[in-house]
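For reference, the structure is listed below as structure tokens.
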Amino acid sequence: MFEDKNNPKEIENLGEFGLINHLTSQIKLKNPTSVKGVGDDAAVIAPSKNKQIVVTTDMLVEGIHFDLLYTPFKHLGYKAVTVNLSDVYAMNAVPTQITVSIAVSNKISIEALEELYAGMLLACEIYGVDLVGGDTTSSNSGLIISITAVGEAEKKEIVYRNGAKENDLICVSGDLGGAFVGLQLLEREKQIFNENPAIQPDFSGYDYVLERQLKPEPRQDVIDMFKELDVLPTSMIDISDGLSSELIHLCTQSEVGCAIYEHKIPIDPSTVIGAEELKLSPTVCALNGGEDYELLFTISLDNYEKIKDQKRVSIIGHITSNKGQYQLVSNDEVVHPLTAQGWNALQGRN
Ligand code: ADP
Ligand code: MG
């Protein structure tokens, strides 16, 4: 896609405009709502008739949200986009455009930025989104990527966090805990590498959890499923910080309580194996791990028949009228209070 790899290009030689042009010249707009993309003072987006616009933004900071030692640039670009799309899907909306802002330190090569953009543009291709603008600046403290995603949905389709009602079923897509186990394995290998760089990491058998960490997929398919089944969740959130803290967000905003069951929490067998090797409880990884980018949502009991046989969805509990009481019923049938111990970027990585 780009020129001679043996003749590395310097960012300084290209200049800011040259760099922007270099990174964005391949972009072809796909959506009729993308009227003007990169190249003017602002992008122009035409909302479709009767639609409302959702906007979300996320910033990723080197050393806080990602570690370049074990994160390939292409994966980083892909993930930077998909975590934003996940927020759009969590509103039950369809993402249509993104803007990308980067602050780049002089340690980073242009080849690395090309890889970053290749990952971002791949995610745009797969999820049908246009990259319509951004900003480029320099950084003295590592790479920063900030992405804003725009999406649209009909007013009546938008699902908020605050609509959960007593007796609603609590559902989660996919499986949980894998991204956290993947991260812990990468961190363990990093430590071994720092102590002895001659030892090569051995990740055989861990493909699934590593992919969950490095290349998460947003659940577009779940949004499509809602349309096919004609189900509108009463509330929804995506799981970026861990099941417990996201569930508490839903309940707090909806002014309700909840009860979930440990044995119903979906965990992939390879997550269980990885967690056990790391001497971690798979359930704790699923509850507190985060970065799974699955959807947590509630549906009214009337929709039970439509949802119950969906392989991509697990029903893990129900909403109660006990505002402020969040319960986890463990496998030995003991009731534990759920606490929000999800990973918090402000406290650094643990
Ligand atoms: P301004 O100085 O008016 O902010 P810029 O020179 O920053 O304009 O940007 C010129 C065009 O390039 C704009 O359309 C902007 O959205 C786009 N752009 C700038 N940086 C990036 C980037 N990193 N990725 C994609 N588009 C970018
Ligand atoms: Mg600018």
Side-chain angles (χ1 to χ4, degrees), residues 1-3 5 8-47 53-68 71-88 94-152 215-216 218:
M1 155 175 189
F2 295 100
E3 295 136 52
K5 293 271 178 219
K9 294 168 288 294
E10 292 288 332
I11 291 179
E12 293 92 89
N13 297 343
L14 274 172
E16 187 191 330
F17 299 115
L19 177 64
I20 295 169
N21 188 42
H22 184 74
L23 293 174
T24 61
S25 59
Q26 317 266 326
I27 294 174
K28 289 200 178 55
L29 301 177
K30 311 179 263 290
N31 287 305
T33 56
S34 304
V35 177
K36 176 75 191 181
V38 171
D40 213 309
D41 294 315
V44 180
I45 299 172
I53 301 287
V54 306
V55 181
T56 175
T57 191
D58 254 309
M59 192 183 291
L60 297 178
V61 177
E62 182 179 348
I64 306 285
H65 302 97
F66 59 90
D67 188 329
L68 288 177
T71 311
F73 278 95
K74 191 168 178 182
H75 285 72
L76 180 60
Y78 191 88
K79 179 169 174 175
V81 173
T82 57
V83 301
N84 275 280
L85 303 187
S86 178
D87 280 320
V88 175
V94 175
T96 43
Q97 288 87 14
I98 59 165
T99 62
V100 175
S101 298
I102 49 175
V104 186
S105 72
N106 55 12
K107 283 188 316 206
I108 293 197
S109 69
I110 191 139
E111 286 75 15
L113 289 182
E114 287 170 2
E115 281 294 296
L116 184 77
Y117 269 70
M120 294 195 298
L121 293 173
L122 177 63
C124 286
E125 196 56 45
I126 291 175
Y127 293 98
V129 170
D130 290 322
L131 198 168
V132 294
D135 199 18
T136 310
T137 186
S138 49
S139 157
N140 291 328
S141 58
L143 177 64
I144 300 172
I145 307 167
S146 174
I147 297 191
T148 298
V150 174
E152 56 178 33
K215 196 172 172 288

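Starting from 1, each residue takes its place in the sequence as its number. For ligands, and for the atoms within them, numbers begin at 1 and follow the listed sequence. Below, each value reflects all heavy atoms present in this structure, side chains not excepted, and no hydrogens, waters or symmetry copies.
Applying the 4.0 Å criterion to heavy atoms of Ile102 picks out, from ligand 1, the atoms 23 (N). Numbered from 1 in the order shown, with element, the atoms of ligand 1 that lie under 4.0 Å from a heavy atom of Val100 read 22 (C), 23 (N), 24 (N). Taking a cut-off of under 4.0 Å to the non-hydrogen atoms of Phe17, the atoms of ligand 1 that pass are 6 (O). With ligand atoms numbered from 1 in the order given, ligand 1 contributes 16 (O), 25 (C), 26 (N), 27 (C) to contacts under 4.0 Å with heavy atoms of Gly133. Close approach to Leu131 involves these atoms of ligand 1, each under 4.0 Å from a residue heavy atom: 25 (C). With ligand atoms numbered from 1 in the order given, ligand 1 contributes 3 (O) to contacts under 4.0 Å with heavy atoms of Asp41.
The closest donor-acceptor contact from the side chain of Thr56 to the backbone of Val88 lies at 3.5 Å or more, if one exists at all. Looking only at distances, a side-chain donor or acceptor of Thr57 sits under 3.5 Å from a matching main-chain atom of Ile147. Between the side chain of Ser86 and the backbone N or O of Thr82, no donor-acceptor pair lies under 3.5 Å. In terms of modelled atom types and a separation under 3.5 Å, the side chain of Asn31 and the main chain of Gly128 share a donor-acceptor contact.
The heavy atom nearest to atom 17 (C) of ligand 1, out of those in Leu23, Ile27, Val104, Val38, is found in Val38. The residue from Ser101, Gly37, Gly134, Ala43 that puts a heavy atom closest to atom 16 (O) of ligand 1 is Gly134.
Residue Thr24 has no N or O atom closer than 3.5 Å to an N or O atom of ligand 1.
When non-hydrogen atoms are compared, ligand 1 lies under 4.0 Å from the backbone of Thr136 as well as from its side chain.
Judged by the shortest distance from any of its heavy atoms, Leu19 lies outside the 4.0 Å radius around the atoms of ligand 1.
When all heavy atoms of Asp130 and Ser34 are compared, the pair lying nearest together is OD2-OG, 2.6 Å. Between Val132 and Lys36, the shortest heavy-atom distance links the atoms CB-O, 4.3 Å. Closest approach of Leu85 and Pro95 over heavy atoms only: CD2-CB, 3.6 Å. For the pair Leu143 and Phe66, the tightest heavy-atom approach, listed with the atom from each and the gap, is O-CZ, 3.5 Å.
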